[in-house]
There are 2 protein chains.
Amino acid sequence: MKLSTKGRYAVTAMMDLAIHDREGPVTLADISQTQGISLSYLEQLFAKLRKRGLVEGVRGPGGGYRLARMPHQITVAEIITAVDENVDVMRCHGDGNCQDGVRCLTHELWAELSNRLYEFLDGITLDQFVERPEIREIARRQDEEAKRMNFVFPRPAA
Amino acid sequence: MKLSTKGRYAVTAMMDLAIHDREGPVTLADISQTQGISLSYLEQLFAKLRKRGLVEGVRGPGGGYRLARMPHQITVAEIITAVDENVDVMRCHGDGNCQDGVRCLTHELWAELSNRLYEFLDGITLDQFVERPEIREIARRQDEEAKRMNFVFPRPAA
DNA sequence: TTTATTCTTGACTGTTTTACTTGGTTATTG
DNA sequence: CAATAACCAAGTAAAACAGTCAAGAATAAA
Ligand code: FES
Ligand code: FES
């Protein structure tokens, strides 16, 4: 397992998606602006998320991305493994042969660690966070901020 | 937290150390050969482990490294954080300001994740594995292998 | 039907981290 | 003294990371 900025970005974006799920598809440009993540980088991440069946894209005006499942059916583990391809905690990838073809000293340790780690991350679903009032408050603030940015010149006085 | 080969090497080496703790200091050359890790790379890792007070070095002939504490007092979390300096699961490093100075959407999620992950890794100590018969068996095999390598020509028949 | 919107794809770039090497210098033992 | 083994400082090739750029394809709205 690897927990880097990449996985963090992915989870952040998925959370944004979960929060605005009822308001129709969310555009990557929106997420980019709201969460401060590079648009083109998001595109790469969402390509992977889509291949894993976590999100689905809607093209054309009014389009964007939408969760492919209910928030309580999407776990943090899935999101992270979707974008972080080498999730190899073990050198042997579970085959038990990294020591000249035989099992190495720490195989068991990593196997156990890997299992419990995955179980743990797999127990955290998106909905566990989006429902919290503190989170909703932050989301509301972000939305207002975005609105303020977009309509700074609503109609030039003329 | 970051779980990479680096941390894996460190834990592997520490485990080797824990197993051979009673036979006096263990040399890095031994670990290098037994576990298949580059000697100079081990030196770098052990420099960090030493700075964190996890091991102590004994110089000169017959020297090597030795655990600075009992195996049940050394956790996997300590070992990993010792060699992986940037343990920043959160972009804000706990300050809650990665979103233009204010708390971002996923701050809580990462804080909680970070906490529980650390607690989990902190609950695993070295002795929990070195006592297992399967592990001891692998260690025994490794030792024999090493012996066979060293004494391939014990005394040329003459 | 045109057009704007948005997803989708591929290639490309600079920076950082990994894993490892080279080449030393101390300190300790016999 | 010579052998041993910890210490230390640089440097390096390859990979991963974070991000950019550009072109295209599908679709909804005008
Ligand atoms: S990690 Fe499985 S054999 Fe080494
Ligand atoms: S992670 Fe703490 S504010 Fe974003």
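Just so we're on the same page: letters track the sequence lines, and every chain starts at 1. As the structure is a computational prediction, the values presented were derived from the model and not from experiment.
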Practice task
Look at the side-chain N and O atoms of A:S40 and state whether any lies under 4.0 Å from the OP1 or OP2 oxygen of D:dG19.
Solution key: no
Exercise for the section: Figure out the OH/P separation between A:Y41 and D:dA22, and round it to whole Å. Expected result: 20 Å
Practice task
Please tell me which of the listed nucleotides, C:dT22, D:dG19, C:dT18, lies nearest to the side chain of B:D84?
Solution key: C:dT18
Exercise for the section: Could I get the full list of side-chain hydrogen bond (donor to acceptor under 3.5 Å, both in side chains) partners for B:Q128, not counting sequence neighbours? Expected result: B:T125
Problem - B:S38 side chain near C:dT21 phosphate (N/O to OP1/OP2, under 4.0 Å) - result: yes
Practice task
Ignoring backbone atoms, test whether A:Y9 places a side-chain nitrogen or oxygen under 4.0 Å from the OP1 or OP2 oxygen of D:dG19.
Solution key: yes
Practice task
Rounded to the nearest angstrom, tell me the gap between atom CG in B:L39 and atom C1' in D:dC8.
Solution key: 13 Å
Exercise for the section: Measure the shortest side-chain to side-chain distance between A:L54 and A:L67 over non-hydrogen atoms and say whether it is less than 4.5 angstrom. Expected result: no
Problem - Under 3.5 Å donor-acceptor pair, B:E43 side-chain atoms to C:dT21 base atoms - result: no
Problem - C:dT5 phosphate, OP1 or OP2, under 4.0 Å from A:T27 side-chain N/O - result: no
Practice task
Report the distance from atom CZ of A:F46 to atom P of D:dG19, rounded to the nearest whole Å.
Solution key: 15 Å
Handout entry: Nucleotide C:dC20, atom P - distance to CG of B:L45 in whole Å
Key = 10 Å
Completion exercise
Separation of D:dT20 atom P from A:I37 atom CD1, nearest Å, is 12 Å
Handout entry: hbond_proxy A:Q44 side chain to D:dT20 base (donor-acceptor, 3.5 Å cutoff)
Key = yes
Fill in the blank from the handout: When rounded to whole Å, the CZ to C1' distance for the pair A:R8 and D:dA18 reads 12 Å
Exercise for the section: Round to the nearest Å and state the distance from B:L28 atom CG to C:dC20 atom P. Expected result: 15 Å
Handout entry: Under 3.5 Å: donor-acceptor pair, side chain of B:R52, backbone of B:T81
Key = yes
Exercise for the section: Please check if the side chain of B:E78 supplies one atom and the backbone of B:T75 the other of a donor-acceptor pair under 3.5 Å. Expected result: yes
Exercise for the section: Examine A:R132 relative to A:F129 and say whether NZ or CZ is less than 6.0 Å from the centre of the six-membered ring and inside a 45° cone about the ring axis. Expected result: yes
Handout entry: Atom-to-atom span, CG of A:L17 to P of C:dC7 - whole angstrom
Key = 10 Å
Fill in the blank from the handout: Numerically ordered, the residues 54-62 of chain A set in heavy-atom contact under 4.0 Å with DNA chain D is A:R59, A:G60, A:P61
Problem - Any donor-acceptor N or O pair under 3.5 Å, side chains A:D143, A:H20 - result: yes
Exercise for the section: May I ask you to verify if any side-chain N or O of B:Y65 is less than 4.0 angstrom from the OP1 or OP2 atom of D:dC7? Expected result: yes
Practice task
Look at A:R50 and C:dT9 and indicate whether a side-chain polar atom (N or O) is within less than 4.0 Å of OP1 or OP2.
Solution key: yes
Handout entry: Pair A:S114, A:W110: side-chain N/O donor-acceptor within cut-off below 3.5 Å
Key = no
